[in-house]
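Below is one structure, written out as structure tokens; the observations come after it.
First the proteins, then the strands, lettered A, B, ... as listed; each starts at 1.
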Amino acid sequence: MEYQEVIKEFNRLFIDVLDNEEIVLKEETTANDIEEWDSLTHIHLIVEIEKFFKIKFTAAEIEGFANVGAMCKFVASKTEA
Amino acid sequence: MSILEKIVTQIEGIDVRHGIKMRTNIESIDPAMREKGEQFLEKYLKFCKEHNKTLDYGVESYIWMINMMMYEQVQLVSTGEYSCKSFADANERVYNNPEVMEKYMHGLMLSQFLWKHHCDVFDFFLTSIASFKGKNVKSYLEIGGGHGLFLSEAIDILGSTVKYDCLDISNTSLEIAKGFIDSNNVNYIHSNIFDYKPEVKYDLITMGEVIEHVEDPVSLINSLIGLLNPDGQAFITTPTNAGTLDHIYLFRNKQEILDVIDRAGFEVVSDFDVYSEDVTFEKAEKYKVPMMYAALIKPKK
């Protein structure tokens with residue numbers, strides 16, 4: 001899947017999980033930019049991302065991404081056709 | 001700078017977000033509990049020195065533990081089950097794996113006074129044990145002594161005339177407990193609870209965070225009846241929805257714990273519960289936030 005498509009789906013999942021319609025993800029977005037994104041909701045974001053993209057993160061990957069862009073690039077690489 | 005603050009500063013250096021959360025936690029702990037935390041951590045640093053470890057190792061172990069727990073929590077939310085399916089599985093992953101066991105114990109030791117819900121449960125434990133003061137407690141058994149803090153405090157409260165036994169399935173855990181308990185009045189026993197057939201009966205048994213580590217918690221709690229004196233009581237704690245390497249039995253809510261206590265032939269004397277996150281009940285339910293439950297229980301007549 002292309003990066004732009006991945007970040008678009010991420011945006012939809014973030015809105016659903018965090019219950020905030022105003023979220024607009026950018027490459028440089030981090031948890032510091034979104035009030036509802038904490039360690040608790042992060043777990044549910046990971047679960048929904050894994051489910052939607054049919055991938056699995058390792059323990060190190062779950063907490064290891066610097067920002068949304070890094071997560072999306074990783075997912076894009078895992079879902080290449 | 002206090003040892004707790006030093007630990008939080010080191011955590012912030014590795015994981016800023018978690019570090020900030022821990023700083024908020026320790027700032028909300030009351031001064032008396034913080035003082036207990038400092039005393040415990042002084043013993044911890046001494047313990048590290050004796051075992052050629054540094055505080056850096058402790059903080060690295062703590063970070064390893066919270067990342068592992070985050071991973072296991074993802075598995076729990078995703079599948080609705082703990083990933084560890086049997087005691088044999090837990091044995092292989094943790095208890096018979098000294099490197100993992102050691103990291104895990106260091107992580108848990110640091111979490112004791114960093115996590116507010118751990119402090120709250122510890123406070124309930126102190127109040128519960130204090131209620132036995134002057135009530136002629138002669139024998140006390142701790143099952144799963146962990147880092148020894150709870151037994152150490154019980155000895156301070158109940159005094160040295162009580163006979164104390166500390167039983168654990170892990171030698172690593174027993175060795176850690178020995179290093180933390182300043183008393184020659186404790187008998188350390190390396191055994192599985194189901195194989196333990198003592199000659200004495202106990203007036204008080206504590207079993208903190210053990211029943212979620214077995215396949216059949218009803219049998220485990222029920223086995224305490226044979227270990228207690230007729231008027232004896234037990235103090236137990238267990239979490240709901242807490243993914244980690246060696247949790248086997250999943251309690252989805254407090255009612256499921258109460259049902260197990262009831263089926264094991266016990267009734268609740270007093271209890272306490274607290275979520276691991278400072279959230280509303282609705283949010284806790286929605287996001288399956290772990291709850292820590294603690295209770296004093298006695299056999300049903």
Side-chain angles (χ1 to χ4, degrees), chain A residues 6 9-10 12-23 25-79, chain B residues 11-12 14-25 60-83 93 100 103-104 107 111 114-117 241-245 275-291:
Chain A
V6 172
E9 294 297 349
F10 260 55
R12 186 182 59 75
L13 293 171
F14 271 60
I15 287 171
D16 280 356
V17 173
L18 304 181
D19 210 11
N20 179 354
E21 293 282 339
E22 291 171 11
I23 290 172
L25 296 180
K26 295 175 187 158
E27 186 169 349
E28 63 275 17
T29 303
T30 68
N32 295 332
D33 304 313
I34 301 175
E35 198 190 333
E36 298 85 356
W37 188 3
D38 55 23
S39 55
L40 188 60
T41 54
H42 186 67
I43 290 165
H44 293 260
L45 286 169
I46 292 291
V47 169
E48 292 306 316
I49 291 166
E50 285 189 341
K51 215 184 284 179
F52 182 81
F53 293 100
K54 296 184 176 58
I55 56 166
K56 277 283 183 197
F57 292 103
T58 65
E61 285 160 355
I62 284 173
E63 273 286 280
F65 297 107
N67 54 31
V68 165
M71 278 178 96
C72 289
K73 280 174 194 158
F74 175 81
V75 172
S77 72
K78 287 273 182 187
T79 53
Chain B
I11 292 172
E12 281 171 337
I14 302 171
D15 184 337
V16 183
R17 214 160 37 135
H18 188 74
I20 291 169
K21 194 171 163 186
M22 292 306 105
R23 190 168 291 285
T24 310
N25 272 1
E60 279 166 23
S61 298
Y62 174 80
I63 297 287
W64 166 84
M65 182 183 79
I66 61 162
N67 287 340
M68 171 274 286
M69 286 177 168
M70 173 83 83
Y71 177 78
E72 293 294 333
Q73 200 67 9
V74 166
Q75 309 317 308
L76 170 62
V77 172
S78 182
T79 64
E81 297 174 350
Y82 285 149
S83 71
R93 288 175 174 205
V100 169
K103 274 200 291 187
Y104 205 173
S111 76
L114 287 174
W115 295 359
K116 192 174 174 302
H117 62 289
N241 300 311
T244 189
L245 270 183
Y275 284 114
S276 65
E277 303 275 344
D278 189 16
V279 292
T280 61
F281 175 76
E282 288 73 24
K283 194 171 178 185
E285 289 291 299
K286 180 180 176 187
Y287 291 111
K288 289 195 174 81
V289 177
M291 172 198 277

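At a 4.5 Å heavy-atom cutoff, the contact between B/Lys21 and chain A is made by side-chain atoms alone. Using a 4.5 Å cut-off between heavy atoms, B/Gln73 contacts chain A through both its backbone and its side chain. Neither the backbone nor the side chain of A/Glu48 comes within less than 4.5 Å of any heavy atom of chain B. Of the two parts of A/Thr30, neither the backbone nor the side chain holds a non-hydrogen atom closer than 4.5 Å to a non-hydrogen atom of chain B.
The distance from the CD atom of A/Glu63 to the NE2 atom of B/His18 is 9.0 Å, given to the nearest 0.5 Å. Here A/Leu40 contributes atom CG and B/Asp278 contributes atom CG; the two are 11.5 Å apart, rounded to the nearest 0.5 Å. Residue B/Glu72 holds its CD atom at 9.0 Å from CD1 of A/Ile62, rounded to the nearest 0.5 Å. Within the model, atoms OH of B/Tyr287 and CD1 of A/Ile43 stand 11.0 Å from one another, a figure rounded to the nearest 0.5 Å.
At least one side-chain heavy atom of A/Ser39 sits less than 4.5 Å from a side-chain heavy atom of B/Met70. Using a 4.5 Å heavy-atom threshold, the side chains of A/Lys56 and B/Ser78 count as touching.
In this structure, B/Lys286 places its NZ atom where more than 12 heavy-atom neighbours from other residues, nucleotides or ligands lie under 6.0 Å away. The number of heavy-atom neighbours closer than 6.0 Å to NZ of B/Lys116, taken from other residues, nucleotides and ligands shown, is 12 or below.
Smallest separation of non-hydrogen atoms from A/Phe57 and B/Tyr71: O-CE1, 3.4 Å.
When the candidates B/Asp15, B/Val74, B/Val279 are compared by the number of heavy-atom contacts under 4.5 Å with chain A, B/Val74 comes out ahead.
A salt bridge does not link A/Glu36 to B/Lys283: none of the charged nitrogens lies less than 4.0 Å from a carboxylate oxygen.
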